[in-house]
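The block underneath contains the structure these notes are about, expressed in structure tokens.
Counting from 1, the numbers follow the sequence of the chain as shown. Predicted, not measured: the structure shown is a model, and the values here were computed from it. As the structure lists them, so they are numbered: ligands from 1, and atoms in each ligand from 1.
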Amino acid sequence: MTPMHLTLRQIEVFNAVARLQNYTRAAEELHMSQPAVSMQIRQLEESVGLPLFEKIGKKFNLTHAGKHMYSYGRNMADLLEEADEVFEAIKGVERGALSISVATTASHFATRLLAEFSKQRSGITISLDITNREALRRQLERNERDLVIMGQPPERMEVTAEPFMENPLVMIAPADHPLAIEKNIPLKRFEDEHFVVRETGSGTRSAIQRFFDLHGVPFHTGIEMSSNEAIKQAVEAGLGLGIVSIHTLELELETGRLVILDVEDFPIMRHWHIVQRTGKRLSPVAIAFKQFVLEEAEQFIRLPNK
Ligand code: PGA
């Protein structure tokens, strides 16, 4: 059996005539002349080998075959529309713009994650903002970014947050610190310590404060710094002990410049979340990035024992 030779144009014209039951109105809708509409229908009827319309008075009714054709015709139009949506979505993923904000502490792995994501999609443009928890909270409030990567999602705000990876906070000391060789050091031993800490507004800092409060041990802050890099350097230089996310320590642990102290109830176990305002309509590229984070983030952590 040889397949029917019909064109998508014929189907489009046929669908319009069948719906409107009128050649003139179909011609207007399609911006065609009426003879051109009649010709398309005639050619379609020739391909099918059956009449598709019958004229009763001034009205064009579908024949039995015409009703079948109309059902197929609508299915074909739906399929074409569906295909179009799929291709538009693919174009969006490959060409869209993505605006992401990440917590200072997450920047260590997030930049690698973004680099890999954009390598696979050379047409996209990315804007990455690295800032502390308090600033992230404000950005979410103003709905300024597509997605935010942070520790604790903000309370008292309608957000959708999905955890994707553990975020252990550990206590760090210079390699030659006397406590470096001790095991299971009681937390109370640090009640007089003045820690090198992040600025107020940092998620790490508030998590540490909560942890000490929970254990009933006073937490004293010494020098305050707005970057994890600065904290590590200060600790290495002997300015005090620090508590940071293990994800900021890759290089220092590898080279042995800093050590993690074995403290009772440590690490302070937290999780990274990918967060958006509830109800926000994400672009195709943002949806793809979120999926990428949820599935692949763990691979971008490089700790010496991994
Ligand atoms: P921070 O964020 O860099 O503000 O400490 C980490 C977090 O949100 O836990």
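Within 6.0 Å of atom CD in E158, 12 or fewer heavy atoms from other residues, nucleotides or ligands are found, so the atom counts as exposed in its surroundings. Summarising the local packing, CD1 of I181 is surrounded by 12 or fewer heavy atoms from other residues, nucleotides or ligands at distances under 6.0 Å. Counting non-hydrogen atoms of other residues, nucleotides and ligands closer than 6.0 Å to NE2 of H64 gives a total of 12 or fewer.
Distance from atom 2 (O) of ligand 1 to its nearest protein heavy atom, with residue and atom name: A103 CB, 3.3 Å. Summary of contacts: the protein heavy atom closest to atom 3 (O) of ligand 1 is T105 OG1, 2.8 Å. Looking at atom 9 (O) of ligand 1, its nearest protein heavy atom turns out to be R270 NH1, 2.4 Å. The nearest protein atom to atom 7 (C) of ligand 1, hydrogens excluded, is given as G151 N, 3.4 Å; this is a heavy-atom distance. The protein atom (non-hydrogen) at minimum distance from atom 5 (O) of ligand 1 is T204 OG1, 2.6 Å.
Identified under the ring pair (Phe, Tyr, Trp, His ring centres under 6.0 Å) test for residues 115-143, with sequence neighbours left out: F117-F289, F117-F292. Within the structure, every pair that satisfies the salt bridge (Lys or Arg N to Asp or Glu O under 4.0 Å) test and touches residues 21-50, not counting sequence neighbours, is listed here: R19-E29.
Within the 6.0 Å centre-distance limit, the rings of H194 and H220 are counted as a close aromatic pair.
For the atom pair CG of L147 and CZ of R277, the computed distance is 13.5 Å after rounding to the nearest 0.5 Å.
The one candidate from R270, R133, R198 that meets the side-chain hydrogen bond (donor to acceptor under 3.5 Å, both in side chains) condition with T105 is R198.
Checking only distances, N167 never comes within under 3.5 Å of ligand 1, N or O to N or O. Taking only nitrogen or oxygen atoms, main chain and side chain alike, M150 does not reach within less than 3.5 Å of ligand 1. In terms of polar-atom proximity, N228 is not counted as a contact of ligand 1, lacking any N or O under 3.5 Å from an N or O of the ligand.
The closest donor-acceptor contact from the side chain of T255 to the backbone of L251 lies under 3.5 Å.
When each atom of ligand 1 is checked for a heavy atom of T104 under 4.0 Å away, the hits are 3 (O). Proximity to R133 (heavy-atom distance under 4.0 Å) selects the following atoms of ligand 1: 4 (O). Which parts of ligand 1 touch N132 is read off a 4.0 Å heavy-atom cut-off, strictly below it: atoms 4 (O).
Using a 4.0 Å heavy-atom cutoff, R205 is absent from the residues neighbouring ligand 1.
By the criterion of a heavy-atom distance under 4.0 Å, the side chain of R198, and not its backbone, is placed next to ligand 1.
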